[in-house]
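The basis for the numbers below is simple: all heavy atoms, side chains too, and nothing from hydrogens, waters or symmetry mates. For the single chain, residues carry numbers from 1 onward in sequence order. Just so we're clear, the structure is a prediction, and the values are computed from it rather than from any experiment. Just follow the structure's listing: the first ligand is 1, and inside any ligand the first atom is 1.
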Amino acid sequence: MNPAGASERSVTLFEAVGGEPTFRKLVDEFYAGVATDPLLRPMYPEEDLGPAADRLTLFLMQYWGGPNTYSAQRGHPRLRMRHAPFRIGAAERDAWLRHMRRAVDRLDLPPDIATALWDYLERAAFFMVNVLDDPTGTA
Ligand code: HEM
């Protein structure tokens, strides 16, 4: 144990990637993709994607060890519940992940950090799926 604590303090991923500006860049890039996506764009209730981008930025910052501003403003994340009004099947999930993959790649992060971030985003996106696709394609 180091009595001063400082040198053993673990660095959060939030700090390692460069803090808020990096998350803003990630989400701005992601929403630039969503803005032109024929499947995803109509799902967003607000005309202006800015507030949605802000919510996602604050959530991701909080998740990765940054300030708890998201919960201070929105309460407990309960993300599956908050996504319940939207029909999220495999196509929506894959479109979401495609824009996110491009956004992560644009950050040019060290590979281990990019992998940690991506693994989480991919798992979270699969978790958000709330409709079973009809295998016969007739639904
Ligand atoms: C799988 C595909 C997904 C789709 C199609 C989708 C779609 C949406 C839509 C339409 C909204 C409403 C926009 C708003 O008012 O904020 C929303 C909100 C949100 N989404 Fe997703 N989402 C997906 C996955 C995810 C994932 C994986 C995360 C987290 C890693 C996430 C985090 C959020 C957050 C934090 C909000 C704002 C919640 C709030 O405070 O109201 N979403 N999403």
Side-chain angles (χ1 to χ4, degrees):
M1 237 343 238
N2 168 8
S7 64
E8 289 189 9
R9 195 178 61 89
S10 62
V11 172
T12 63
L13 186 136
F14 174 76
E15 292 167 302
V17 302
E20 177 162 353
T22 303
F23 284 92
R24 293 252 169 234
K25 192 171 168 216
L26 173 72
V27 173
D28 285 352
E29 199 62 43
F30 169 74
Y31 270 104
V34 169
T36 63
D37 190 301
L39 187 60
L40 296 184
R41 182 62 187 91
M43 294 176 72
Y44 287 80
E46 288 172 299
E47 183 64 32
D48 178 5
L49 289 175
D54 203 44
R55 288 188 279 271
L56 181 57
T57 304
L58 292 176
F59 171 79
L60 292 174
M61 285 167 51
Q62 174 173 309
Y63 178 85
W64 288 106
N68 295 332
T69 316
Y70 176 84
S71 284
Q73 293 183 359
R74 308 284 295 164
H76 190 285
R78 289 187 232 281
L79 284 190
R80 253 187 81 84
M81 188 198 77
R82 290 190 201 264
H83 286 78
F86 312 112
R87 184 195 185 283
I88 304 180
E92 288 79 7
R93 175 198 68 207
D94 291 348
W96 193 99
L97 281 170
R98 197 168 56 246
H99 297 299
M100 200 46 105
R101 178 76 249 182
R102 198 180 42 85
V104 170
D105 288 345
R106 291 288 290 266
L107 294 179
D108 279 326
L109 295 169
D112 55 332
I113 293 184
T115 300
L117 185 59
W118 177 251
D119 285 353
Y120 163 73
L121 292 165
E122 198 173 38
R123 258 184 296 118
F126 273 74
F127 178 66
M128 231 54 85
V129 169
N130 55 21
V131 295
L132 283 175
D133 293 311
D134 175 5
T136 66
T138 54

Colleague: Starting from atom 41 (O) of ligand 1, find the nearest protein heavy-atom neighbour and note its residue, name and distance.
Modeller: Arg74 NH2, 2.5 Å
Colleague: For atom 30 (C) of ligand 1, what is the closest protein heavy atom, and at what distance to 0.1 Å?
Modeller: Tyr120 OH, 3.5 Å
Colleague: Spell out the protein N/O/S atoms under 2.8 Å from atom 21 (Fe) of ligand 1 as residue plus atom name.
Modeller: His83 NE2
Colleague: Over 60° means perpendicular and under 30° means parallel, so tell me whether Phe59 and Tyr70 are parallel, tilted or perpendicular.
Modeller: perpendicular
Colleague: Rounded to the nearest 0.5 Å, how far does OG1 of Thr69 lie from CZ of Arg55?
Modeller: 14.5 Å
Colleague: May I have the step-by-step check of salt bridge (Lys or Arg N to Asp or Glu O under 4.0 Å) for Asp105 and Arg101, ending in yes or no?
Modeller: CA-CA 6 Å; Asp105 288 345; Arg101 178 76 249 182; 2.8 Å; yes
Colleague: Under a plain distance cut-off of 3.5 Å, with no hydrogens placed, do His83 and Asn130 share a side-chain donor-acceptor pair?
Modeller: no
Colleague: Taking atom CZ of Phe127 as the centre, report whether more than 12 heavy atoms of other residues, nucleotides or ligands fall under 6.0 Å from it.
Modeller: no
Colleague: Whether the side chain of Gln62 engages the backbone of Ser71 through a donor-acceptor N/O pair (distance < 3.5 Å, no angle test) should be reported.
Modeller: yes
Colleague: Among all protein heavy atoms, pick out the one at the shortest distance from atom 15 (O) of ligand 1; state its residue, atom name and that distance to 0.1 Å.
Modeller: Arg55 NH2, 2.8 Å
Colleague: For ligand 1, which atoms have a heavy atom of Phe59 less than 4.0 angstrom away?
Modeller: 29 (C), 35 (C)
Colleague: Below 6.0 angstrom between ring centroids: does that apply to Phe14 and Phe23?
Modeller: yes
Colleague: Please confirm whether the backbone N or O of Glu29 pairs with a side-chain atom of Arg102, one donor and one acceptor, at under 3.5 Å?
Modeller: yes
Colleague: Report the nearest protein non-hydrogen atom to atom 5 (C) of ligand 1: residue, atom name, distance rounded to 0.1 Å.
Modeller: Met43 CE, 3.7 Å
Colleague: With a heavy-atom distance limit of 4.0 Å, tell me whether Tyr70 approaches ligand 1 through its side chain, its backbone, both, or neither.
Modeller: side chain
Colleague: Applying salt bridge (charged side-chain N to carboxylate O under 4.0 Å, His left out), can you list everything that pairs with Glu47, at least two apart in sequence or on another chain?
Modeller: none
Colleague: With distance as the sole test, does Glu122 use its side chain to make a donor-acceptor pair with the main-chain N or O of Asp119 at under 3.5 Å?
Modeller: no
Colleague: Checking a contact table here: which protein heavy atom is nearest atom 7 (C) of ligand 1, and how many Å away?
Modeller: Tyr44 OH, 3.5 Å
Colleague: Below a 4.0 angstrom heavy-atom separation, can you tell me which part of Phe127, side chain or backbone, both or neither, approaches ligand 1?
Modeller: neither
Colleague: With atoms numbered from 1 as shown, which atoms in ligand 1 lie under 4.0 angstrom from a non-hydrogen atom of Ala124?
Modeller: 27 (C), 30 (C)
